[in-house]
Structure formats: C-alpha cells, structure tokens
Amino acid sequence: MATILVTDDAAFMRMQLKDILTKLGHEIVGEAENGRLAVEKSAELNPDLITMDITMPEMGGVEAVREIKKHNPDAKIIMCSAMGQQGMVLEAIQAGAKDFIVKPFTAERIEEAVTKVL
Amino acid sequence: MNQYTAVFLDESREHLQAVNDHILKLEKEPHELALIEEIFRSAHTLKGMAATMEFADIASLTHQMENVLDSIRRGQLAVSTEIIDSLFLATEALEEMVEAIGAGQDGKKDVTALVGRLEQLEAGEDGPGASQSDGEQEQPALDELQTAMAAEAEKEGFFPYQITVTLSDDCVMKPVRAYMVSQAAGELGELIKTVPAAEELEAGTFDASFILFLLSQATVEEIHDAVSGVSEVMQVEVIPLKLTDKAANEENSQEETAATQVEEEAPAGQSATRKSKTIRVSLERIDDLMNLFEELVIDRSRLEELARLSGNNDLEETVEHVSRVSSEMQEIILQMRMMPVEQVFNRFPRMVRGLARELEKEIELDIAGAETEMDRTVIEEVGDPLVHLIRNSVDHGIEAPAERLQAGKPEKGKLSLRAYHSGNHVMIEIEDDGAGINRNKVESKAVENGLITTEQAQDLADEDVYKLLFSAGFSTADEVSDISGRGVGLDVVRNKIESLGGIISVASAPGKGSKFSIQLPLTLSILSALLVKVRDETYAVPLTSIVETILLEEASIMDVHGRKMMDYRDTVIPLVALREVFDVPGSSPEQKSQPVVVVQKGEKRTGLVVDSFIGQQEVVLKSLGSYLGDVFAISGATILGDGQVALIIDANALMN
Amino acid sequence: MEGISKYIVFQMNHQTYGADVRQILSIEKVQEITEVPRTAGFIKGVINLRGDTTPIIDLKERFRLGKLEQTEATRILIVHIADIRVGLMVDSATDVIDVDAELIEQAPEIIGGIRDTFIKGVAKQEDGLLILLNLEAVLDLNETNELRKFTKEQQTGGQDSGNDIGNR
C-alpha cells in the first residue's frame with residue numbers, strides 16, 4: 001500500500017483515479033487541481049507517489065514535476081496524459097517523472113505503472 | 001445517471017463554455033496565444049474525460065480540434081475566419097453530444113465531416129506531417145566506428161550487449177517508451193546505437209520492437225531488469241555481443257536519443273480560473289433537500305396553527321422560534337438553488353455572432369449582470385424566450401450596415417443584454433439601437449389580422465400598439481426569414497414568461513431602438529400568497545400579482561354592459577367573482593362590503609371578488625400532477641396547515 | 001400464462017370489480033376533497049395524500065354508472081401507473097384475492113354498462129362475476145375523449161358503435 005497524491009484539474013478524472021487506486025489498495029492522501037497545489041501538497045504530505053495531469057491551469061504538470069523534483073529528487077511521479085501530448089510527456093520524463101499513463105485509463109495499466117514505479 | 005456521468009456533464013459543460021468564450025475572444029484577438037492555450041486546455045480535458053467515458057465521437061472531435069490548435073500554437077497555422085467557424089461548429093457538435101448524453105442518450109454523432117474539415121485546416125499550412133519512414137532498414141549490427149568504440153570500452157570492463165525490446169501491442173506514445181527504455185539502459189552504461197535510428201524512434205515510425213546496443217559493466221540480468229522496469233514493455237531480450245578486435249578513434253557518434261524538445265510548456269500561468277472554497281453537490285440532492293424542506297414548511301404552518309389554538313405560551317414561543325429558524329433555512333436553501341443567469345447568457349455571444357453573419361449585419365453584443373442569480377428552475381425555462389427575443393432584435397431590430405449609415409448611426413449595431421435584481425424579482429432586458437418598432441406596420445398588420453379595427457388603431461397609444469406584438473400569431477418581418485421563423489411569434493414568449501410568473505413589456509423609440517423587459521420571480525417553489533376564502537374553499541393568490549386588497553362597498557360596484565366593474569384609482573377595472581368563475585359550491589355570506597383582491601398583469605388590472613381574506617402565508621407550490629394537466633386559472637396547489645389542499649390562482653389567466 | 005395474481009376486490013353498484021394489486025399504492029378512507037374548477041365532472045378534485053396533492057376520480061361517474069354517494073364504506077384506491085398517481089373513489093373495497101390467470105376470460109364488449117376497453121377480463125367466482133379492470137385505460141385521458149365521442153354516438157343513435165374505438 002502506498003500513499004498517493006492525485007493531481008488533475010478535472011474532478012472527474014481525480015474521482016476516477018481515486019477509485020481505481022483505492023481499489024488497488026492504495027491510500028489517496030491528497031488531491032490537487034493544479035500543478036502549484038501539487039507542489040505544495042507533495043511537500044506537505046510527502047506521498048509515496050504522485051499522479052500528475054499535464055495540462056492544468058496555474059501550473060502545468062511538466063513544470064510541477066520540475067518543481068517537485070527540485071525539492072525532492074526522489075519523488076515518484078506518474079504523468080497522466082492524453083493522446084497527442086507526447087512532447088510534453090517526454091519532457092516530463094526528462095524532468096524526472098517515472099512513468100506515464102495515457103487517458104483513457106485502464107485499471108491494469110495504472111496498476112502496472114504504480115507497481116513498476118514503487 | 002451515475003455520479004461519473006453527472007460530474008462528466010458538469011465539467012464538460014463548463015469547458016465547452018470556456019471554449020466558446022475563448023473562441024469569441026480569439027476572433028477579436030487572433031494573435032493572442034494565451035487564448036489558444038485556454039481553448040486547447042479545455043478541448044484537451046474534454047477529450048480525456050470523453051475517452052474515459054468511452055464517448056468516442058467527442059474524443060475524436062476534440063482530438064482533431066487539439067491538432068488544429070496545436071498547429072496554431074506552433075505558428076504553423078494562422079487564425080482565420082474559417083478556423084474560427086470550424087471551431088465553433090465543432091463546439092456546437094460537442095455541445096449537442098454532451099446534451100444528448102445528459103438526456104440519457106449515447107452521445108453518438110457522426111463527426112467525420114467536422115473532423116475532416118479540421119484535418120484539412122490543419123494540413124492546409126502544415127504540410128505533410130512527420131516524415132515518412134524511408135524503409136531503409138539498417139542491419140542490426142555495429143559499423144566500424146561503433147565496433148571500435150565497443151572494443152575500446154571492452155578494455156575498461158564495459159561489455160557490448162544487444163538488447164531487443166518489444167513494446168506491448170496497445171502501447172501508446174511509443175517514442176516516449178523508447179526514450180524511457182533508452183534512458184533506463186543508458187543509466188547502466190553507454191548506448192552506442194539503436195535500430196531503427198534514434199530519429200525514427202523519436203518519430204515513432206517503428207513497429208513494436210527496436211534494438212539497442214549498450215556498452216555496460218552490468219550483467220545480462222541487471223540490464224534485463226532495468227529495461228523491464230519500464231511500463232508497457234512486453235518482452236526484453238539481452239544478448240552479449242562478441243567483438244572483432246578493431247581499433248578505432250574515440251569519436252562519440254552516439255545519437256542523441258533524447259527527442260528534441262517538441263513543445264513549449266503549456267499554459268502561461270495566468271489562467272482565468274479562480275476557485276473559491278466550494279464543493280460540488282448534485283442538483284438532485286439539493287432538490288431532495290428542497291422537497292423535504294417543503295414538507296417542513298407545511299408542518300410549520302400546521303404547528304403555528306396548533307400552537308395558536310392551544311394558548312400555551314411556551315409552545316407558542318417555541319414554535320415561533322422554529323418558524324424563524326426555518327425561515328432562515330429557507331433562505332439558505334433557496335440560495336443554494338440559485339444559479340447565475342450566465343448559464344443562459346453564455347450561449348448568446350456565439351448565437352448573435354452567427355445570426356449577424358447570416359444576415360450580413362454587424363452587431364456588438366454587450367452583456368451585463370451575467371452574475372445575477374436566480375432559481376435554477378426559472379433559469380432552465382427562461383432560455384428559449386430569451387433566444388427568441390434576441391433573434392427578434394437581431395432580425396427585426398438592428399438594421400443592415402448601409403441602412404444604419406444612412407440613418408447617421410454607426411455601422412455596428414449594439415445589442416445589450418442586462419440582468420439585475422429588483423426586490424423579489426430579477427429583471428432581464430434586451431435592448432437594441434435599431435430602427436425601433438414601426439408603429440404603422442404593427443398597426444396595419446394587426447388590422448389585417450383582425451386584432452383591431454382601423455378606428456381602434458387610431459385611438460391607441462404607441463405602447464398599446466407595441467403590445468399587439470405579443471398577440472397570437474403576430475410577426476412583422478416583411479419576409480419570413482429563417483431566423484425569426486414562421487408563425488411562432490412573441491405571443492409564445494409572453495406565454496412562457498407568464499407561466500413562470502413573470503411579466504414582459506416592450507418600449508420603443510422610432511429610429512432609436514427598442515427594449516424588451518422581462519420581470520421574473522426569484523424562485524418558483526415557495527411563494528408568498530394571500531389566502532382567501534370563497535364559499536367552502538380556500539384559495540391562494542400569489543402576492544406577486546396582487547396590487548392591493550380592498551373592501552368594496554356594494555354601492556360602488558358598477559354595471560357596465562352587464563359586466564361588473566369598479567372604480568380603482570381613477571380608472572374603471574373589471575370585477576371577477578371567483579365563486580362564479582370557479583363555480584364554488586356552498587354559499588357566500590351576506591355582507592355589505594365585498595373583499596376584493598386587485599391583481600395586476602402588465603398594465604391590466606382586475607378585481608377578484610372573494611368572501612374573505614384569511615391572511616398572508618408562505619406556501620409551497622405543488623403541481624396538480626400530470627393527470628390533470630393544465631387547469632384553467634390554477635397554477636398549482638398547496639397544502640395548508642390543517643392538511644387541506646388549497647388551489648393557487650393564476651391571476652394572469654383571469655384577466656384574459 | 002402468468003399464473004396467479006392478487007387482485008383488490010371492490011364494489012360499485014353491487015357489482016364486484018378487481019384491480020391488480022401491483023398497481024395500487026394504498027387504499028384510503030375518504031377525506032376532504034378540494035374541488036378543482038373547470039375539470040371533467042368525474043374528477044372530484046384533489047386530496048392531500050401525505051404531503052402530495054392527488055387527483056380523485058369518481059370511478060362510477062367515469063364509467064357512467066351514476067354518481068357516487070359517500071358513505072362510511074366509501075374508499076379511495078390510490079393507483080400509480082407510470083408517472084401518474086390518482087385516487088379512484090369506489091363504493092367499498094373489501095378484499096384481496098388470488099385469481100388464476102387461467103380462469104380469466106375475455107370480456108364481452110360491454111359488461112355492466114362498461115366498455116371492454118376498460119376491462120382486462122372477467123373471472124368467475126363462486127359468488128358471481130369479478131370484472132378485472134384495465135387501469136391504464138381508466139387513467140388514459142385520451143380514452144376519456146374517446147369515451148365522450150362514444151357516448152355521443154350512442155346518443156345520436158349508433159347503438160352498435162364501439163368497435164371502432166379500440167379492440168384490446
């Protein structure tokens with residue numbers, strides 16, 4: 001079981017991720033609706049894992065990864081991307097994200113990503 | 001509808017609205033890339049949600065929108081009217097699909113034409129996309145240089161490995177995976193070659209597998225584990241290579257595997273979305289709460305009555321407190337049901353733009369007071385009438401540019417949409433600076449339609465002539481255009497507004513423009529009413545339609561051509577005896593003076609004769625049920641403190 | 001066949017009728033009815049049924065079997081079909097019985113003065129015929145209009161009409 005911070009600007013997406021991750025036996029310790037909040041909350045909650053949407057208001061996912069990594073190089077981040085965001089996913093990976101999943105999510109894929117990253 | 005769908009709908013609508021707003025702004029500021037970003041972000045979120053919910057058509061359309069936006073963002077495409085139009089069309093289609101889903105349908109729609117159009121746009125200035133794979137397959141072996149490098153490394157304990165990686169079938173973003181694999185392998189040593197070449201890996205023009213050549217001190221297992229640690233890697237094969245000893249120089253020919261930085265970082269900070277501390281509550285729950293509260297209001301009346309009858313002071317005080325608290329609760333619950341009219345107003349900018357283009361007019365829409373709140377039931381109902389009025393103004397009100405110039409007005413017409421609170425009401429005004437209502441035209445049309453005679457027409461004041469516009473089947477368009485439609489006149493609008501307990505009026509000045517004003521109640525389900533007794537029955541008259549209650553001396557009732565009339569503030573208004581209109585059973589008491597409720601609708605006033613006034617009370621509007629449907633002059637029923645059902649009078653109907 | 005179903009047994013003019021228990025929400029004693037002006041004569045008005053207004057139909061008047069005289073025995077069957085809820089006022093309601101579908105027969109065109117549209121079938125009981133009502137049709141206001149047409153036709157002489165109205 002891991003503690004996870006879920007980041008997405010769409011409540012719908014957070015809800016879905018939460019459901020899947022909870023079913024996989026993890027604990028959602030926080031939710032953030034933009035990159036800035038994710039940075040704040042990751043420092044505050046120090047979760048085992050962070051899921052990070054890419055396009056978000058205030059601060060996008062890639063920048064958030066950079067920020068988080070700056071303060072905590074060991075942070076484990078999985079990007080949640082949609083089709084067609086390859087460039088940004090790559091950027092995020094280069095910035096230190098450990099894995100990425102592509103919407104629409106499947107529980108299997110999320111499980112794989114989480115297991116491999118942890 | 002499950003909770004996912006509800007949230008999906010909510011957020012989709014919000015994003016579509018945002019897309020809408022931003023496209024409109026983009027049209028004015030085509031070079032504002034921040035707007036593109038905003039639209040992109042919304043389209044993107046929509047796509048993600050739709051794909052998850054398996055609404056494939058929404059997903060594919062938003063995907064193609066994204067592509068176009070992306071091209072604009074990269075400067076490969078310039079914002080043109082055509083692009084704006086296509087984006088609007090796409091947004092409209094998306095709205096349709098989302099609404100269809102909201103209505104419980106599958107949200108499917110043939111979007112191929114739209115997608116095709118967007119693809120064309122995207123391709124138009126974008127040129128052919130990623131370069132085609134030239135098919136040249138390199139042999140999975142090392143060339144001289146690489147062999148030399150390997151040999152050199154071998155001396156330092158680095159051994160060459162050939163790693164064949166196969167990605168899973170459903171792997172998306174293969175290039176990123178390939179990069180991650182390269183990265184994982186690269187951490188264990190030095191990558192000297194990939195097959196296909198790094199460029200092709202970056203472009204994703206390879207099938208499921210690719211090969212890496214790595215110089216590393218790690219063991220086969222270590223390499224295998226590291227590479228398998230990347231998600232969506234189905235199979236990894238690591239083979240140690242034998243080298244033919246060959247000298248070479250140290251030139252580093254290692255391909256830069258990292259893809260070039262493709263895109264700029266997304267949204268530039270200053271997004272418009274500010275979020276206060278709120279939670280989302282489903283409308284259903286608020287409605288449930290409202291229903292429960294309505295029951296409480298009924299019991300409250302009952303309690304008040306019982307307490308009064310009991311004469312028990314403590315009980316009366318307690319009940320009074322309960323009443324006070326529940327009144328406050330009522331305020332809060334009503335507040336929760338309130339939504340900004342923005343919900344309705346939002347669709348108008350695009351509509352006006354579309355209409356103006358269609359009619360080749362230039363119109364600037366000015367919206368004020370979009371944040372004004374009203375009950376969501378009213379909001380849901382008021383949209384159509386407003387659409388109608390706006391179309392009316394665009395079509396009949398505002399003149400063509402040439403005509404405006406001739407009249408000494410700016411080419412661009414102005415249409416203002418305003419909402420504001422006024423007491424217990426919300427006012428919505430639609431004002432244009434067009435030609436105004438042509439009295440003569442209305443007059444002759446009314447005469448033609450037999451609404452009035454020529455003689456009557458001459459005696460009418462301007463306002464009275466304008467009011468004829470709201471009569472059934474009235475349309476002043478010289479030719480029936482697509483926009484105002486045929487046969488559906490302003491009477492439909494009036495009926496709708498009145499059924500909402502509202503009032504509509506119009507003012508106009510020739511050559512200067514016209515203004516339609518709508519007055520709507522803040523809420524519908526709990527209303528203040530005057531309870532009156534008519535023989536054995538109790539009726540509720542909504543306070544909103546009451547001007548005054550008076551006790552009328554029998555002697556001052558006049559008989560005009562067989563109709564009972566009364567003098568009211570220097571005018572003569574008709575009297576309607578409810579016991580007669582409703583044929584109420586029982587007998588009325590003999591009394592010298594008649595209790596009369598003066599009701600008003602627009603400028604029209606009527607005195608409703610009752611037997612007695614009972615008092616003012618908050619009542620909960622209940623429908624009479626679908627079985628009875630519309631009943632003449634009755635807008636619903638309410639349950640009184642003693643459990644009796646009292647009918648609520650629709651005073652408007654009694655004035656016709 | 002559907003086997004055995006439960007029916008609520010009630011009376012109008014000493015004839016026994018049955019209504020499928022699955023369509024009946026409850027049976028109520030008569031309470032004060034608020035008249036609704038300008039509605040069909042058989043609509044007696046609305047009552048407050050635990051906080052909701054419910055229209056009340058005089059079933060005898062609906063079937064043109066005369067007017068109901070309210071007594072201690074008068075009952076209101078609260079019918080709920082689709083989104084419609086109405087109370088049917090009858091002389092009395094006495095029993096709930098099992099009726100074997102096998103024993104239900106097609107109703108003759110008009111029985112006890114009621115048109116077959118309103119009747120699902122007839123079940124022979126030891127103490128006489130039980131007329132099983134088709135409540136959907138009773139609640140269908142279009143049928144009401146049809147009914148008006150029908151009675152008009154009868155008044156104008158067409159005694160054998162009725163077939164054209166519907167044969168369920």
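Here is the naming used below: chain letters follow the sequence lines, and residue numbers restart at 1 for every chain.
Other residues, nucleotides and ligands contribute at most 12 non-hydrogen atoms within 6.0 Å of the NZ atom of A:Lys98. For A:Lys18, the NZ atom sits in a loose shell: 12 or fewer heavy atoms of surrounding residues, nucleotides or ligands are nearer than 6.0 Å.
When every heavy atom of A:Ala113 is checked against every heavy atom of B:Ser231, the shortest pair comes out as CA-OG, 3.6 Å. Taking all atoms of both residues into account, the shortest heavy-atom contact from A:Pro57 to B:Arg41 is CD-NH1, 3.2 Å. Nearest heavy atoms, A:Ala10 versus B:Thr45: CB-CG2, 3.8 Å.
Per-residue counts of heavy-atom pairs under 4.5 Å with chain A were compared for B:Ala51, B:Ser168, B:Ala50; the largest is that of B:Ala51. Across A:Val89, A:Ile101, A:Asn34, the residue that shares the most heavy-atom pairs under 4.5 angstrom with chain B is A:Val89.
Between A:Asp99 and B:Arg177 there is a side-chain heavy-atom pair separated by less than 4.5 Å. Using a 4.5 Å heavy-atom threshold, the side chains of B:Asp10 and A:Phe12 count as separate.
With a threshold of 4.5 angstrom between heavy atoms, B:Ser228 approaches chain A through N, CA, C or O but not through any side-chain atom. The part of A:Arg109 that comes within reach of chain B is its side chain, from C-beta onward, which places non-hydrogen atoms under 4.5 angstrom from that chain.
Listed by sequence position, B:His63 are the residues of residues 55-65 of chain B in contact with chain A, using a 4.5 angstrom heavy-atom cutoff.
A donor-acceptor pair under 3.5 Å links the side-chain atoms of B:Glu11 to the main chain of A:Ala11, judged by distance alone. Here the side chain of A:Lys116 pairs no donor or acceptor atom with the backbone of B:Gly229 at under 3.5 angstrom. In terms of modelled atom types and a separation under 3.5 Å, the side chain of A:Glu112 and the main chain of B:Glu232 share a donor-acceptor contact.
Residue B:Tyr179 holds its OH atom at 13.0 Å from CD of A:Gln86, rounded to the nearest 0.5 Å. A distance of 7.0 Å separates CE in A:Met88 from NE2 in B:His44, rounded to the nearest 0.5 Å.
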